[in-house]
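Okay, structure first, notes after.
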Amino acid sequence: MSKQNRTAIEPTREQNYAEWYQQVIKNADLAENSDVRGCMVIKPWGYAIWENIQRTLDVMFRETGHRNAYFPLFIPKSYFEKEAEHVEGFAKECAVVTHSRLEDNGEGGLKVAGELTEPLIVRPTSETIIGASFAKWVNSYRDLPLLINQWANIVRWEMRTRLFLRTAEFLWQEGHTVHESSEDAMEETRKMLDVYAKFAAEYLAIPVIQGEKTEGEKFPGAVNTYCIEAMMQDRKALQAGTSHFLGQNFAKASNIKFQGRNGEFEYAWTTSWGVSTRLIGALIMAHSDDNGLALPPKIAPSHIALIPIFRNEEERVSVLEYCKKIRQEFAGAMFEDIRIYTELDDRDLTGSERNWYWIKKGIPIRIEIGPRDVAANAVMISRRDKEPREKESVHLDNIKAYVLSSLRGIQDSYYQRALDFRQEHTVKIDDNKKFYKFFSPKNEAQPEIHGGFAHSHWCGDTACEEKIKDDLKVTIRCIPFDAEPEEGSCICCGKASDKRVIFAKSY
RNA sequence: CGGGAUGUAGCGCAGUCCGGUUAGCGCGCUCGGUUCGGGACCGAGAAGUCGGAGGUUCAAAUCCUCUCAUCCCGACCA
């Protein structure tokens with residue numbers, strides 16, 4: 001391949017999507033596998049993205065009346081057993097603490113000792129342990145609603161893991177709320193899903209579809225599960241966030257009762273909702289290209305890479321001085337609600353090496369500064385959403401305005417691209433044969449990128465959902481909120497259906 | 001937990017079938033120099049108990065036995 005056409009990431013998306021994903025993470029230095037099976041080390045550039053996600057969402061939670069708290073990592077087995085469906089859903093992927101001590105084994109090593117009377121489960125989610133506290137906190141309707149959020153790590157003992165998308169331990173946020181009525185709880189469930197959708201669109205630049213999960217896909221123990229689904233560049237769906245209406249299931253399990261306005265005691269209505277470090281996986285797969293990571297400005301750890309170019313000491317001094325002046329220009333500057341950060345990269349590497357380094361890290365703006373720019377009172381500016389070699393000379397007087405409008409432009413272009421991509425690969429299918437063809441790769445041995453979102457009719461029978469899953473590994477991602485009532489027949493069995501649902505392969 | 005594969009320098013690999021000096025190669029790293037506006041080059045250097053344990057042998061990365069770990073394909077999942 002010629003130098004001009006060479007991509008920074010190999011293989012390309014087209015050649016091997018799964019491997020491309022790993023390489024983007026590696027080249028951007030976001031995270032790596034640890035020696036602990038299934039667990040990842042999140043490196044500074046990746047962790048900063050998570051911190052930005054946290055910072056923004058935390059404000060949004062606060063504005064919707066929630067307060068943060070923290071609950072134990074360990075859940076007594078007996079708590080966990082209280083909600084039958086919940087147990088069934090999570091039992092197969094729990095890490096369990098059974099001992100409290102290590103003793104000398106007489107061979108230079110250690111053995112476990114001090115068996116616990118009751119095993120402790122490392123939380124895979126916190127409904128039960130938080131419920132135990134809520135039972136004490138809630139006594140009267142005057143205590144409601146109770147709106148709590150927790151930022152935490154959780155453990156789910158997964159068989160197969162992938163960085164950010166599925167790891168044994170991951171970071172997340174779980175909201176848990178208690179309400180007086182079913183209506184209030186439902187309103188909360190939907191409100192928080194809206195918060196997620198808004199965050200995904202405005203900050204991550206990822207368009208999402210809001211909808212409801214089918215019986216088979218919902219959260220163990222929930223009455224209804226709602227979700228936001230996004231399309232990745234391999235046209236698979238990724239669940240980016242969930243919100244659950246728990247009815248009175250967990251209130252009964254944890255005995256969350258209150259005395260109502262009529263003086264009677266009744267079980268409360270609860271909700272829970274969460275997003276995780278998986279959002280970083282979504283971010284990577286939504287925007288990145290064959291040259292590496294691409295970060296929307298509103299979530300990027302840093303926004304501008306300043307790349308000084310010089311040949312000798314004399315040039316070095318004048319160029320660096322000029323760079324610092326430009327850096328000063330952006331000190332404390334804001335891009336809407338986001339603080340702009342700059343990176344001055346004066347490492348002793350060639351200009352192109354430093355350029356490619358920042359391209360692969362996905363920084364939105366690169367500013368190249370050489371002796372010619374110093375002489376012209378200008379800089380060369382490149383955008384991550386344009387071609388790597390494309391750059392524009394901008395006069396010092398206009399630099400700040402230019403950068404601000406570019407950041408807005410990049411944020412918008414990523415969103416628009418993702419939206420166009422999704423629309424391009426979303427189809428209505430009514431014919432069973434066409435449906436199977438749509439979800440079957442031409443090359444079975446090495447499947448090419450294929451499929452997408454199929455809006456098709458479904459009769460509502462779990463058996464049909466199962467059959468399609470078994471045949472094609474395609475599942476119902478959600479029943480979208482905006483589905484128009486429409487007469488049709490089930491894509492699987494042909495029975496009557498009154499609306500379309502979204503079928504797709506998924507992560 | 002079933003099927004397949006792999007463990008050799010920080011990373012990627014060769015060498016293993018057919019045992020034989022001091023275990024190599026590429027990238028990266030360190031030092032020195034020339035470079036730097038589109039993925040530089042030259043020279044020097046550091047770095048490995050060949051996954052682990054046991055065995056066969058004059059001799060083991062290489063053969064045998066056991067063991068541990070990882071990866072891929074299934075079943076399960078945010």
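Residue numbers start from 1 in every chain, and the chains themselves are labelled A, B, ... in the order their sequence lines are given, proteins ahead of strands.
The environment of Q54(A) atom CD is dense: over 12 non-hydrogen atoms of other residues, nucleotides or ligands sit within 6.0 angstrom. Atom CD of E14(A) is surrounded by 12 or fewer heavy atoms from other residues, nucleotides or ligands within 6.0 Å. The neighbour count for Y79(A) OH, taken as heavy atoms of other residues, nucleotides or ligands under 6.0 Å away, does not exceed 12.
A44(B) and G39(B) have their P atoms separated by 26 Å, with the value rounded to a whole Å. Here, A23(B) and U49(B) have their C1' atoms 13 Å apart, quoted to the whole Å. Between A60(B) and A75(B), the distance separating the two C1' atoms is 41 Å to the nearest Å. Straight-line distance between the C1' atoms of A53(B) and C68(B): roughly 10 Å, to the nearest whole Å. Here the separation of C13(B) from U21(B), taken at their P atoms, is 26 Å to the nearest Å. Spacing of C1' atoms, A46(B) relative to A9(B), comes out at 10 Å, to the nearest Å. Taking the C1' atoms as reference points, A61(B) lies 13 Å from G20(B), given to the whole Å. To the nearest whole angstrom, the two P atoms, one in C27(B) and one in C42(B), are 10 Å apart.
Nucleic acid contact for Y357(A): none, since no nucleic acid atom lies under 4.0 Å from a heavy atom of the residue. Among the heavy atoms of the strands lying under 4.0 Å from E353(A) are primed sugar atoms or P, OP1, OP2 only; no base atom is included. Contacts of S276(A) with the nucleic acid, taken as non-hydrogen atoms under 4.0 Å apart, include base atoms. Across all strands, L238(A) comes closer than 4.0 Å to no nucleic acid atom at all (heavy-atom distances). Nucleic acid contact class of L279(A) (heavy atoms, under 4.0 Å, all strands): none. Among the atoms of the strands shown, base atoms are found under 4.0 Å from some heavy atom of F310(A). Residue-level contact check: E368(A) touches the bases, meaning some heavy atom is under 4.0 Å from a base atom. Counting non-hydrogen atoms under 4.0 angstrom, L349(A) reaches a base of the nucleic acid. Contacts of T167(A) with the nucleic acid, taken as non-hydrogen atoms under 4.0 Å apart, include base atoms.
Going from atom NZ of K391(A) over to atom CZ of R366(A) covers 9.0 Å, rounded to the nearest 0.5 Å. One distance of note links OG1 of T462(A) with CD of E217(A); it measures 10.5 Å at 0.5 Å rounding.
Among the nucleotides A40(B), G38(B), G37(B), the one closest to the side chain of R389(A) is G38(B). Comparing G38(B), G37(B), C36(B) by their closest approach to the side chain of W356(A) singles out G38(B). Closest contact between the side chain of R311(A) and the listed nucleotides C36(B), G37(B), C76(B) involves C36(B). You'll find that the side chain of D348(A) is closest to C36(B), out of C36(B), G37(B), C76(B). If you check G38(B), G74(B), U35(B) against the side chain of K473(A), the one that comes closest is G74(B).
A donor and an acceptor atom, one from each side chain of H244(A) and S272(A), are nowhere located under 3.5 Å apart. Side-chain contact of S352(A) with R354(A): a donor-acceptor pair under 3.5 Å is absent, judged by distance alone. Side-chain polar atoms of D289(A) and Q233(A) form no donor-acceptor pair below 3.5 angstrom.
For a distance-only test at 3.5 Å, the side chain of D373(A) qualifies as a donor-acceptor partner of the base of G37(B).
Consecutive Watson-Crick or G-U pairing (both distances under 3.5 Å) extending over three or more pairs maps onto RNA chain B as B:1-7 with B:68-74, B:10-13 with B:24-27, B:29-34 with B:40-45, B:51-55 with B:63-67.
When each of E217(A) and A8(A) is assigned the nucleotide of RNA chain B with its nearest heavy atom, A8(A) is the one assigned upstream, toward the 5' end. Residue V379(A) is the one, among V379(A) and T277(A), whose nearest nucleotide of RNA chain B lies closer to the 5' end (criterion: closest heavy atom).
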Please write out the pairs of protein N or O atoms and N or O atoms of nucleotides 9-11 of chain B separated by less than 3.5 Å, giving the distance to one decimal.
none

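With sequence neighbours excluded, the residues forming a ring pair (Phe, Tyr, Trp, His ring centres under 6.0 Å) with F134(A) are W137(A), listed by chain and number.
Aromatic ring centroids of H176(A) and F250(A) lie 6.0 Å or more apart.
One interatomic measurement links the two molecules: CZ of R162(A) to P of U70(B), which rounds to 18 Å at whole-angstrom precision. Rounding to whole angstrom units, CG of residue L165(A) and P of C76(B) are separated by 19 Å.
The side chain of T350(A) contributes no N or O atom lying less than 4.0 Å from OP1 or OP2 of G39(B).
Salt-bridge check for R13(A) with D290(A): passed, with a basic side-chain N closer than 4.0 Å to an acidic carboxylate O.
Here the side chains of N291(A) and R384(A) are in contact, with some heavy-atom distance below 4.5 Å.
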